[in-house]
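What follows is one structure encoded as structure tokens, with my remarks underneath.
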Amino acid sequence: MKILVAVKRVIDYNAKVRVKADNSDVDLSNTKMAINPFCEIAVEEAVRLKEAGSAQEVVAVSVGPKACQEQIRAALALGADRGIQVETDDNLESLNVAKLLAQVVRDEQPDLIIMGKQAIDSDNNQTGQMLSALLNMPQGTFASEINLQEGEVQVIREIDGGLQTLGLTLPAIITTDLRLNEPRYASLPNIMKAKRKPLAVVTPETLGVELKQHSKLLKVTPPAERSAGILVSSVDELIEKLKNQAKVI
Amino acid sequence: MAILIIAEHDNCTLKGATLNTVTAAAQMGQDLHLLVAGSNCQNVADEAASVEGISKVLLADNSVYAHHLAENTAQLISQLGTAYSHILAPATSNGKNILPRVAALLDVGQISDITAVESADTFQRPIYAGNAIATLQSLDNIKVITVRGTAFEAASTGNDAPIENVDLQIESNLSSFVSEEIAQSDRPELTAAKVVISGGRGMGNSESFTLLEQVADKLGGAVGASRAAVDAGFVPNDIQVGQTGKIVAPDLYIAVGISGAIQHLAGMKDSKIIVAINKDEEAPIFSVADYGLVADLFEAVPELEQKL
Ligand SMILES: Cc1cc2nc3c(=O)[nH]c(=O)nc-3n(C[C@H](O)[C@H](O)[C@H](O)COP(=O)(O)OP(=O)(O)OC[C@H]3O[C@@H](n4cnc5c(N)ncnc54)[C@H](O)[C@@H]3O)c2cc1C
């Protein structure tokens, strides 16, 4: 079995987000970047399936500028075998990313595709579902457990109210939720080894994918600030304030 | 052209998130159709017909839609959807699962989790865990949108819209339903509750969450949690509040033993009044709290429960 994982370069989840003064976008200059945490979980899951003998090869693909090779290398350091970068400097919308990934899938023919349920920058939660539609494949979104069986994969999904188990025919697309696994830390020898693993670069043109703009970003503004209130000194004072000042109980 | 709204339901009752989505839709256009796709769900269709502002209910009642499998339901919606200017669903786990698949089938983008409608094609949505608000204009002829329930009032009921049957049976055979574990609770639904009391890692174990349940019951509220409390196995996954969990905006949010990471704040900072109970006075949660109590939760929460 061959597994394809998609990884996105995003702001580090601990980094502070600033909005540009001209409200055109967020300012990411000099900001620490990292592999999207949900994508990291996807890589970890694929590598575990390989270690368990269920998969033979794990391919990591990223769509983005040259700098996203860092995140592909990070995936290779976690245990992926080779990387593919779809080079573009444009900040692509989900459907365009899905179209590029769909072409990579047609070329690579993986049995399973694992990706993050959402990227922590755009918070869109779309690409996996869109890719499934484009390829007419089943989707197991928000997965907290994956069990491979003969010709099928069972996915336990985190849904409103609890958990749902679905059976999907292969090839299938799975998007990860937080509880799927806890990614390992890459060891120094593995980081060194990752530098020598193959990394191919393709472009939207060489893939033959035509991209289209679906929305226009008009502006980005900071959210309404919430200011700190007061400290109360006792439970009695808290109840008094909630009753008489805030009037919420 | 009319607007198609996808009803959220469990084949028995219409879920509240649908009503907030109807309010958002009414800010985009006049003629609102509500699709109920499910199995043995006539009761949901009747409830849907009573929602103010709806001009027609479409009922696709077929066993292939029983479990809202994305592969079947998205095909159904995309086939119906070509006749509409907008397709809207609540940003629930169902809406998030199905709607992007619809968008790709129609070769259009999706605008996720909108919090404000500026015009029929321009919307606001939070990005970067709510640390920035983007204003986006859709360029697509069919606008596919998910709606954040807490950002819109619920539409009222009392209407009597006609119900039209949709005779489309779409079965992909790509996916099948195996099982479901849905927690039963007498408390109000987390995303709609007027009071939410959430616990974090500081709760220490699942038993101490009964402390929060007792307070919730006295206030008629729901119980939530931070990711750390869910990851530790204290409580089930579906009560996680935050960027990647549930979004809540109650009149009163009480955070107990929660530090206030940005990913948590993203899910609750639009609450009207925020109370924080934490033993660490430096905890970031205090910077968004209207009322902060620096105390050991194992003393403060039982006292609170007793005195309410
Ligand atoms: C991709 C990603 C997505 C995430 N999504 C979410 C999300 O949706 N929701 C979410 O909540 N988090 C999310 N997180 C995790 C988030 O970053 C924090 O790790 C998490 O919110 C911390 O939970 P906590 O506040 O319970 O734990 P901690 O940060 O460990 O805080 C525990 C607090 O309890 C206090 N405490 C301990 N004992 C007591 C006591 N006896 N009495 C009083 N106070 C006490 C401590 O002082 C401390 O402030 C996400 C992280 C990532 C990377």
Side-chain angles (χ1 to χ4, degrees), chain A residues 11 13 17 19 26 93-95 98 117-118 120-126 129-130 132-134 137-139 141-142 144 154 158-169 178-179 213-223 226 228-232 235-236 238-239 241-242 246 248-249, chain B residues 70-71 74 92-93 96-97 100-101 103-105 108-112 122 127-140 174-183 219 227 231 236-238 243-244 251-252 269 272-273 275 286-294 300 303-304 307-308:
Chain A
I11 187 170
Y13 82 96
V17 176
V19 171
V26 295
E93 295 168 71
S94 310
L95 185 59
K117 78 165 181 180
Q118 85 188 58
I120 61 163
D121 51 1
S122 60
D123 280 335
N124 272 322
N125 196 333
Q126 299 174 353
Q129 297 88 315
M130 288 180 163
S132 310
L134 297 176
M137 285 184 192
Q139 64 186 56
T141 53
F142 327 146
S144 67
Q154 280 211 352
E158 295 197 0
I159 61 167
D160 292 342
L163 296 170
Q164 180 189 58
T165 307
L166 296 181
L168 311 178
T169 59
L178 294 168
R179 256 74 57 185
Q213 194 185 355
H214 296 278
S215 67
K216 208 161 101 188
L217 183 61
L218 299 183
K219 67 174 187 230
V220 174
T221 50
R226 237 198 132 96
I230 57 162
L231 284 182
V232 292
V235 169
D236 288 322
L238 177 62
I239 292 174
K241 294 280 188 219
L242 291 177
V248 284
I249 61 171
Chain B
E71 295 74 13
T92 52
S93 55
K96 290 176 187 170
N97 185 42
R101 194 170 175 114
L105 290 172
V108 297
Q110 173 176 298
I111 301 192
S112 295
T122 303
I127 52 176
Y128 292 86
N131 285 301
I133 308 295
T135 304
L136 284 168
Q137 182 178 25
S138 166
L139 306 175
D140 287 316
L174 293 169
S175 62
S176 56
F177 173 82
V178 178
S179 62
E180 210 159 67
E181 280 170 52
I182 301 292
L219 296 172
R227 174 191 174 181
D231 282 4
N237 58 275
D238 71 293
Q243 178 187 16
T244 60
D251 291 342
L252 173 60
K269 72 178 159 111
K272 205 166 128 210
I273 296 291
V275 170
F286 287 122
S287 67
V288 298
D290 299 282
Y291 304 106
L293 178 61
V294 180
E303 186 183 341
L304 179 66
K307 290 182 170 166
L308 278 173

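For A:Ile239, the part lying near chain B is the side chain, with the backbone staying farther off; criterion is any non-hydrogen pair under 4.5 Å. Proximity to chain B is limited to the side chain of A:Leu238, based on heavy atoms less than 4.5 angstrom apart. Interface residue B:Glu303: backbone and side-chain heavy atoms are both found under 4.5 Å from chain A. Both the backbone and the side chain of A:Ala246 come within contact range of chain B, with heavy atoms under 4.5 Å apart. With a threshold of 4.5 angstrom between heavy atoms, B:Ile133 approaches chain A through its backbone and through its side chain. In this structure, chain B has no heavy atom under 4.5 Å from any part of A:Ser94. When heavy atoms are compared at a cutoff of 4.5 Å, B:Ala300 approaches chain A by way of both its backbone and its side chain. In this structure, the portion of A:Gln118 lying under 4.5 Å from any heavy atom of chain B is its side chain and not its backbone. If you measure heavy-atom distances from A:Val26 to chain B, the contacts under 4.5 Å come from the side chain alone.
Nearest heavy-atom pair across B:Ala134 and A:Leu217 is CB-CD1, 3.8 Å. Considering every non-hydrogen atom in both B:Leu174 and B:Arg101, the closest pair reads CD1-NH2, 4.3 Å. Here the closest non-hydrogen pair linking B:Asn131 and A:Val19 is O-CG2, 4.3 Å. When every heavy atom of A:Thr141 is checked against every heavy atom of B:Asn97, the shortest pair comes out as OG1-OD1, 2.6 Å. Minimum interatomic distance between A:Ile120 and B:Gln243 (heavy atoms only, all atoms of both residues): O-NE2, 3.4 Å. Of all the heavy atoms in A:Gln164 and B:Glu180, the pair that sits closest is NE2-OE2, 3.0 Å.
Look at B:Asp290 and A:Arg226 and you find a salt bridge, because one of the NZ, NE, NH1 or NH2 atoms lies within 4.0 Å of a carboxylate O, short of that distance.
For the set A:Ala98, A:Ser132, A:Pro222, the entry with the most heavy-atom pairs within less than 4.5 Å of chain B is A:Ser132. Taking B:Ala132, B:Ser176, B:Ala103 one by one and counting their heavy-atom pairs under 4.5 Å with chain A, the maximum is reached by B:Ser176. Highest contact tally toward chain A, considering only B:Asp251, B:Ile273, B:Thr122, is held by B:Ile273 [criterion: heavy-atom pairs under 4.5 Å]. Chain B forms more heavy-atom pairs under 4.5 Å with one residue of A:Leu178, A:Ile11, A:Leu242 than with any other, namely A:Leu178. The candidate from B:Thr244, B:Val275, B:Leu105, B:Leu308 with the greatest count of non-hydrogen atom pairs under 4.5 Å with chain A is B:Thr244. When the candidates A:Leu163, A:Val248, A:Thr169 are compared by the number of heavy-atom contacts under 4.5 Å with chain B, A:Leu163 comes out ahead. The greatest number of non-hydrogen atom pairs below 4.5 Å with chain B, out of A:Arg179, A:Gln213, A:Gln154, is found for A:Arg179. Counting heavy-atom pairs closer than 4.5 Å to chain A, the top residue among B:Leu219, B:Ile111, B:Asp231 is B:Asp231. No other option in A:Asn125, A:Leu166, A:Leu134, A:Ile249 has as many heavy-atom pairs under 4.5 Å with chain B as A:Leu166. The most heavy-atom pairs under 4.5 Å with chain A, out of B:Ser179, B:Pro236, B:Gly109, B:Ala129, come from B:Ser179. The candidate from A:Ala228, A:Pro223, A:Ser144 with the greatest count of non-hydrogen atom pairs under 4.5 Å with chain B is A:Pro223.
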#### Entry: Verdict with reasoning, B:Leu293 to A:Val235, per side-chain contact (heavy atoms from CB on, under 4.5 Å)
CA-CA 8 Å; B:Leu293 178 61; A:Val235 169; 3.9 Å; yes
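Counting only distance, with no hydrogens or angles, the side chain of B:Lys96 and the backbone of A:Lys117 share no donor-acceptor pair below 3.5 Å. No donor-acceptor pair closer than 3.5 Å links the side chain of A:Glu158 to the backbone N or O of B:Asp238. Judged by distance alone, with hydrogens and angles left aside, the side-chain atoms of A:Glu93 form a donor-acceptor pair with the main-chain N or O of A:Ser215 at under 3.5 Å.
A donor and an acceptor atom, one from each side chain of B:Gln110 and B:Ser112, are located under 3.5 Å apart.
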